[in-house]
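Structure first, then comments.
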Amino acid sequence: MKTTVVNIVTPDGPVYDSEVSMVIVKTVTGEMGILPGHIPTVAPLTVSAVRLKKDNNKTDIVAVSGGFVEIRSDKVTILTPSAERADSIDLARAKEAVKRAEQRLQNKQDDIDFKRAELSLKRAMNRINVKEGNI
Ligand code: ATP
């Protein structure tokens, strides 16, 4: 089966580097399934789970907080501000982040705080979903 190399990279370093048979990402315009040999593209990502299908029928899941996917025929690179696999997600921390964000959304001071709280809530919910396998 054909495979493509996938790298998921954050400012803190690489989080994922493997050969996979398919990558499924959520771009701002919708879900995208990427197979080896895909035409070169760059697309912005939402706060979402990246699904990486391996040859052995297993699927790796990585939570990403937006960023970009760059597709080349033999390589997919995801550049994102932060990324975690389920085993490195601290569920209690994400739940605390949800609480904080919800409080901020209730006592909204201005539009900037509201937007920041909304994004924080999305990141935390995404981490919880990946940790609990709800994707
Ligand atoms: P928090 O409010 O808990 O810091 P955040 O969404 O503001 O969450 P980010 O700015 O997205 O955090 O990420 C900062 C760093 O912390 C990144 O390295 C990210 O991978 C890590 N991180 C954030 N939340 C978690 C979590 N629940 N479990 C593990 N790592 C996390």
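Order of listing sets the numbers, starting from 1, for every ligand and every atom in it. Remember, predicted model here, so these are calculated numbers, not experimental data.
- Heavy atoms of T10 found under 4.0 angstrom from ligand 1: none, in either backbone or side chain.
- For atom 7 (O) of ligand 1, the closest non-hydrogen atom on the protein side is R123 NH2, 3.3 Å.
- At least one N or O atom of S82, backbone or side chain, sits closer than 3.5 Å to an N or O atom of ligand 1.
- The CG atom of N7 sits 9.5 Å away from the CD1 atom of I78 when rounded to the nearest 0.5 Å.
- Protein heavy atom closest to atom 11 (O) of ligand 1, with residue, atom name and distance, is R127 NH2, 2.9 Å.
- Heavy atoms of other residues, nucleotides or ligands lying less than 6.0 angstrom from CG of N57 number 12 at most.
- Atoms of ligand 1 found under 4.0 Å from any heavy atom of D12, numbered from 1 in the order shown, are 18 (O).
- Residue I89 has at least one heavy-atom neighbour below 4.0 Å for each of these atoms of ligand 1: 28 (N), 29 (C).
- Between the choices N126, V47, D90, V15, the shortest heavy-atom distance to atom 28 (N) of ligand 1 belongs to D90.
- For atom 29 (C) of ligand 1, the nearest non-hydrogen atom from the set P11, G66, A83, S88 belongs to S88.
- Separation of atoms CD1 (I24) and CD1 (I135) is listed at 9.0 Å; rounding is to 0.5 Å.
- With contacts defined as side-chain heavy-atom distances shorter than 4.5 Å, the pair S82/R127 qualifies.
- Heavy atoms of E96 found under 4.0 angstrom from ligand 1: none, in either backbone or side chain.
- By the 4.5 Å heavy-atom criterion applied to side chains, D17 and V5 are counted as neighbours.
- Under a 3.5 Å cut-off, the side chain of N126 and the backbone N or O of S48 do form a donor-acceptor pair.
- Among protein heavy atoms, the minimum distance from atom 2 (O) of ligand 1 is reached at R100 NH2, 2.6 Å.
- Using a 4.5 Å heavy-atom cutoff, the side chains of I61 and V50 are not in contact.
- Residue S120 has no N or O atom closer than 3.5 Å to an N or O atom of ligand 1.
- Evaluated by nearest non-hydrogen atom to atom 16 (O) of ligand 1, the leading choice among E84, K122, R93, K131 is R93.
- Under the 3.5 Å distance criterion, the side-chain polar atoms of K54 are left unmatched by any main-chain donor or acceptor of T59.
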